[in-house]
Amino acid sequence: MNNNEYFDNIKNNILNSYQSKTEKLKELKKRLLESQKSNDTRKIEFYSKQTESILSSINNIKSQLSCMRPNNNDDLNERHDIMVNFPKLVNETIPDDVPMVFHGNNNIEIVKQIISSGGLYTPEERGVDFKSFATQIDVTYKSNIRVSCEFADSSTISFMPYGAIFAFYPKEHEYEKVLKTGENSEVFGGVESIDFKDDRFVGIITTNENLETLKLCFDANQLDSNKVFTHKQFINFCKEKWICDTKITK
């Protein structure tokens, strides 16, 4: 099976999943309406949550279908380099006492929706009522940004573009918790939300493929597009901020 055939198979599987979930959504809406007519509060709550859950799933699938494309060697090479070298460079470049945190998302369409929303917000702030969702923003500290990199990469076999990593500073009362993370995979309990117009927001890190698209998205939402970086640009930004400043100070 060649690359194009494999791509078509993957896309068809996703289309089948979309159609299946769409049919299930129709059935759930029907049962929700029946529950509302009979004023069965228990069933109303149950089918409302089921409906919200499958709507979210359908939205994710639609976003996948809208940006799927065949792989190309430049992107594959760039992503391989990111996974091999970027975590080490971040850990070496950012000082240990800097509590910057990172949040990865592997769906570029969802990333654009997050940008348009104006910030990374908790489920409660977004009005999402799922008990299984985390109450804070899941983030990593620089010592294990590898985990955020994994969350940002949609995997090359998905035929999806790379996603993005959001970089920001938590609130001051969260500094100690972040700095004590050490080699743990994520900051325990997560951190509070970040507004992209807040000074605490450092920027968003993505691949060359997505760079101009996300810059345009930032511009469209009255955000500073200079805060959109490739991984190499982000490392250079960090070097200028800390390594160069240290040399000047000395």
Side-chain angles (χ1 to χ4, degrees), residues 78-108 110-111 114-115 119-122 134-155 162-208 210-211 214 218 223-250:
E78 182 180 3
R79 287 159 79 159
H80 175 73
D81 181 70
I82 289 165
M83 292 305 299
V84 171
N85 298 309
F86 184 66
K88 181 181 177 183
L89 288 169
V90 167
N91 199 32
E92 290 175 347
T93 308
I94 299 177
D96 292 343
D97 61 350
V98 174
M100 192 185 299
V101 293
F102 304 90
H103 174 85
N105 187 299
N106 66 9
N107 189 313
I108 195 63
I110 299 297
V111 167
I114 292 171
I115 293 168
L120 275 171
Y121 299 116
T122 65
T135 57
Q136 301 280 69
I137 308 299
D138 292 330
V139 294
T140 59
Y141 172 55
K142 66 123 181 179
S143 62
N144 214 343
I145 190 177
R146 175 188 56 81
V147 175
S148 291
C149 290
E150 290 170 355
F151 276 119
D153 198 323
S154 56
S155 87
Y162 188 90
I165 299 171
F166 297 87
F168 61 99
Y169 292 100
K171 293 183 177 177
E172 285 191 25
H173 70 270
E174 298 172 309
Y175 283 7
E176 185 178 359
K177 174 174 69 172
V178 169
L179 295 174
K180 285 183 176 179
T181 303
E183 296 301 319
N184 293 332
S185 61
E186 292 182 305
V187 175
F188 181 74
V191 297
E192 293 182 34
S193 58
I194 177 71
D195 188 295
F196 296 146
K197 291 184 178 179
D198 194 305
D199 290 340
R200 294 188 296 115
F201 180 61
V202 177
I204 188 169
I205 310 160
T206 192
T207 55
N208 280 286
N210 301 322
L211 188 65
L214 294 192
F218 264 56
L223 298 170
D224 184 1
S225 60
N226 290 318
K227 292 188 173 184
V228 181
F229 305 97
T230 63
H231 297 73
K232 288 183 179 179
Q233 289 170 345
F234 181 74
I235 293 299
N236 288 335
F237 163 82
C238 291
K239 286 180 177 178
E240 288 177 11
K241 184 173 181 63
W242 286 294
I243 296 177
C244 293
D245 284 355
T246 301
K247 289 180 179 178
I248 291 170
T249 302
K250 289 180 178 178

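Every residue meeting the salt bridge (charged side-chain N to carboxylate O under 4.0 Å, His left out) condition with D96, not counting sequence neighbours, appears here in chain and number order: K142. Shown here are the side chain to side chain donor-acceptor pair (under 3.5 Å) partners of T207, two or more places apart in sequence or in another chain: N210. Evaluation of the side chain to side chain contact (heavy atoms under 4.5 Å, CB included) rule for F188 yields no partner, not counting sequence neighbours. For F234, the ring pair (Phe, Tyr, Trp, His ring centres under 6.0 Å) partners two or more places apart in sequence, or in a different chain, are F229. Contacts of H231 classified as ring pair (Phe, Tyr, Trp, His ring centres under 6.0 Å), with partners at least two apart in sequence or in another chain: F86, Y162. Considering only residues two or more places apart in sequence or on other chains, L211 meets the side chain to side chain contact (heavy atoms under 4.5 Å, CB included) condition with K215, V228, T230, Q233. Legend: residues meeting side chain to side chain contact (heavy atoms under 4.5 Å, CB included) with Y121, ordered by chain and number and at least two apart, are S117, E125, R126, S193, D195. K180 meets the salt bridge (charged side-chain N to carboxylate O under 4.0 Å, His left out) test with E176; sequence neighbours excluded. Qualifying side chain to side chain donor-acceptor pair (under 3.5 Å) partners for N107, counting only residues two or more places apart in sequence or in other chains: S63. For F166, the ring pair (Phe, Tyr, Trp, His ring centres under 6.0 Å) criterion is met by F196, not counting sequence neighbours. For N106, there are no side chain to side chain donor-acceptor pair (under 3.5 Å) partners, not counting sequence neighbours. Checked against side chain to side chain contact (heavy atoms under 4.5 Å, CB included), K88 has the following partners two or more places apart in sequence or in another chain: E92.
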Which is it for I145 and I94 under the side-chain contact (heavy atoms from CB on, under 4.5 Å) test, yes or no, and what are the steps along the way? CA-CA 11 Å; I145 190 177; I94 299 177; over 6 Å; no
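A donor-acceptor pair is defined here as one N or O able to donate and one able to accept, closer than 3.5 Å; such a pair exists between the side chain of K227 and the backbone of F201. At distances below 3.5 Å, at least one donor-acceptor pair connects side-chain atoms of T206 with backbone N or O atoms of G163. At least one donor-acceptor pair under 3.5 Å links the side chain of R200 to the backbone N or O of Y169. Here the side chain of K177 pairs a donor or acceptor atom with the backbone of G190 at under 3.5 angstrom. Checking side-chain atoms of T93 against main-chain N and O of C238 turns up no donor-acceptor pair under 3.5 Å.
Residue A152 comes nearest to A164 through the heavy atom pair CB-O, 3.5 Å, listed as atom of the first residue, atom of the second, then distance. Taking both residues in full, the closest heavy atoms of N91 and S143 are given as OD1-CA, 3.4 Å, listed atom of the first, atom of the second, then distance. In this structure, N85 and D81 approach most closely via the heavy-atom pair ND2-OD1, 2.6 Å. Closest non-hydrogen pair, T140 versus S148, comes out as OG1-OG, 2.6 Å.
Atom NE2 of H103 sits about 5.0 Å away from atom CG of L120, to the nearest 0.5 Å. Put simply, CD1 on I194 and CZ on F168 are 6.0 Å apart, with the number rounded to the nearest 0.5 Å. If you take CG on N105 and CG on D138, they are separated by 11.5 Å, rounding to the nearest 0.5 Å. Within the model, atoms CG of L89 and CD1 of I82 stand 11.5 Å from one another, a figure rounded to the nearest 0.5 Å. Atom-to-atom distance recorded for D224:CG and K197:NZ is 11.5 Å, nearest 0.5 angstrom. The distance from the NZ atom of K232 to the CG atom of N208 is 8.0 Å, given to the nearest 0.5 Å.
Side-chain contact check for Y141 versus P99: every heavy-atom pair is 4.5 Å or farther apart. Looking at P87 and E150, their side chains never come closer than 4.5 Å, going by heavy atoms from C-beta outward. Counting heavy atoms from C-beta on, the side chains of N144 and T181 never come closer than 4.5 Å. Put simply, the side chain of V191 does not reach to within 4.5 Å of the side chain of Q136, judged on heavy atoms.
Exactly one residue among I205, I165, V90 makes a side-chain contact (heavy atoms from CB on, under 4.5 Å) with C149. That residue is I165.
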